[in-house]
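Protein chains get the first letters and strands the later ones, always in sequence-line order, with residue 1 at the start of each.
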Amino acid sequence: MPELPEVETVVRDLRDHGLEKARILSADIRWPRIIEGMSPSSFARALRGRTITRLSRRGKYIVVSLDDGQHLLIHLRMTGKLHYIPAKHDPGKHDQVVITMVDGHQLLFNDTRKFGRLRLTRDADKGLGHLGPEPLEDTFTVSVLQQQLQGKSRMIKPLLLDQNCVAGLGNIYVDEALWQAKIHPERHANTLTKAEMKKLHQAIRTVLQQGVENCGTTLGTGQTNFYSVAGRRGHNADALKVFRRTGEPCPRCSTPIVRTVVGQRGTHFCPTCQRPLSAY
DNA sequence: AGTCTTGTTCGACT
DNA sequence: CAGTCGAACAAGAC
């Protein structure tokens, strides 16, 4: 489940593999629905001859900027993976899009569940404008978070999962941030005290930074887990305090971690540290 | 065999 | 309008 730290890891790995400056020869779209907003043939035609000028990230999107001012937005959704290989090879079972460079390198978009999406856009804001603030930027202050939560009666967990609120958070890091801030996932956003928002702000930044430092979270060994470029595993799983740790003792108070469903999403928390309502 | 899972969007309700 | 809910997408994990 690629969230901000996993996507950041992929972007860094693609840079390290030399994708920046590569020139595109052709694109082979093997599962048409992966391409959003235009036909696969138009997409392939638009990419032909383009040189990649920059790789960046916005929320959970990978932004591949091209020399004609267009941007290729890649969203991995749940099981999308990218590989950058030095020579042409026959596409594997789940290689949905193959982009071949003039020097023979191939960028493979591999996705077992075919939920991932590629979109070519002239104006990056069109595809990314709806996203909330970047939580690791210096501009993401407590008061920015406060503004995003202001007047919202929604439960804090579904709100944090909403990419319009804060960009890049997903199920893993939201559970971790709420545990660290000692906030129950079903608390309504407008009931958080200023002190709680401050702790939540710090917690969001800490868990995401740690995730980036550990190159993302890879749980288990199944092929639907997160793998970065060249099949590299993230090693943040050991740093998780509550996610997928149902029944294990809370690292702070030893109460067994509970799993519930909040907003149709599996949710892990400590029933002792994270009370439903603050006591005041 | 059947159920669950998961990020995001979208449409239908409340 | 704001928010909630379920559906849809797809296939591996269990």
Peer 1: Using a heavy-atom cut-off of 4.0 Å across all strands, would you classify Q264(A) as base, sugar-phosphate, or nothing?
Peer 2: base
Peer 1: Any base atoms under 4.0 Å from R154(A), or only sugar-phosphate, or nothing? Heavy atoms, all strands.
Peer 2: sugar-phosphate
Peer 1: Just checking S153(A): base, sugar-phosphate only, or nothing, at a heavy-atom cut-off of under 4.0 Å?
Peer 2: sugar-phosphate
Peer 1: Using distance alone, with no hydrogens and no angle criterion, decide if T121(A) and H71(A) have a side-chain donor and acceptor under 3.5 Å apart.
Peer 2: no
Peer 1: Nearest whole Å is fine: how far is dC9(C) P from E36(A) CD?
Peer 2: 15 Å
Peer 1: Testing the basics here: between L208(A) and P135(A), what is the closest heavy-atom pair and its distance to 0.1 Å?
Peer 2: CD1-CG, 3.5 Å
Peer 1: Tell me the interatomic distance from Q163(A), atom CD, to dT9(B), atom C1', rounded to whole angstroms.
Peer 2: 12 Å
Peer 1: Counting only heavy atoms not in K198(A) (residues, nucleotides, ligands), do more than 12 fall under 6.0 Å from its NZ?
Peer 2: no
Peer 1: Between P158(A) and W31(A), name the one whose nearest nucleotide on DNA chain C is closer to the 5' end.
Peer 2: P158(A)
Peer 1: Between dT8(B) atom P and Y61(A) atom OH, what is the distance in whole Å?
Peer 2: 7 Å
Peer 1: Between T224(A) and R77(A), which has a closest nucleotide on DNA chain C that is more 5'?
Peer 2: R77(A)
Peer 1: What is the separation between atom CG on L219(A) and atom C1' on dC14(C), rounded to the nearest whole Å?
Peer 2: 15 Å
Peer 1: May I have the distance from D162(A) (atom CG) to dA2(C) (atom P), rounded to whole angstrom?
Peer 2: 13 Å
Peer 1: Check whether any side-chain N or O of R259(A) sits under 4.0 Å from OP1 or OP2 of dT5(B), and answer yes or no.
Peer 2: yes
Peer 1: Quickly work out the K152(A) NZ to dC1(C) P distance and round it to whole Å.
Peer 2: 15 Å
Peer 1: Does OP1 or OP2 of dT8(B) have a side-chain N or O of K114(A) closer than 4.0 Å?
Peer 2: no
Peer 1: Strictly by Watson-Crick or wobble contacts shorter than 3.5 Å, is anything paired with dA1(B), and which nucleotide is it?
Peer 2: none
Peer 1: Quickly work out the L161(A) CG to dT9(B) C1' distance and round it to whole Å.
Peer 2: 15 Å
Peer 1: Just checking H75(A) against F115(A), ring centres under 6.0 Å apart?
Peer 2: no
Peer 1: Using a 4.0 Å heavy-atom cut-off across all strands, classify R119(A) as base, sugar-phosphate, or nothing.
Peer 2: nothing
Peer 1: What is the distance from CG of L73(A) to P of dT9(B), rounded to the nearest Å?
Peer 2: 12 Å
Peer 1: At under 4.0 Å between heavy atoms, what does R33(A) touch on the DNA or RNA strands: base, sugar-phosphate, or nothing?
Peer 2: sugar-phosphate
Peer 1: Do NZ/NE/NH1/NH2 and the carboxylate oxygens of D162(A) and R154(A) come within less than 4.0 Å?
Peer 2: yes
Peer 1: Which is true for H94(A) with a 4.0 Å heavy-atom rule: it touches a base, it touches only sugar-phosphate, or it touches nothing?
Peer 2: sugar-phosphate
Peer 1: Would you please determine if the base of dT8(B) is stacked by F115(A), with stacking meaning a centroid separation under 5.5 angstrom and planes under 30 degrees?
Peer 2: no
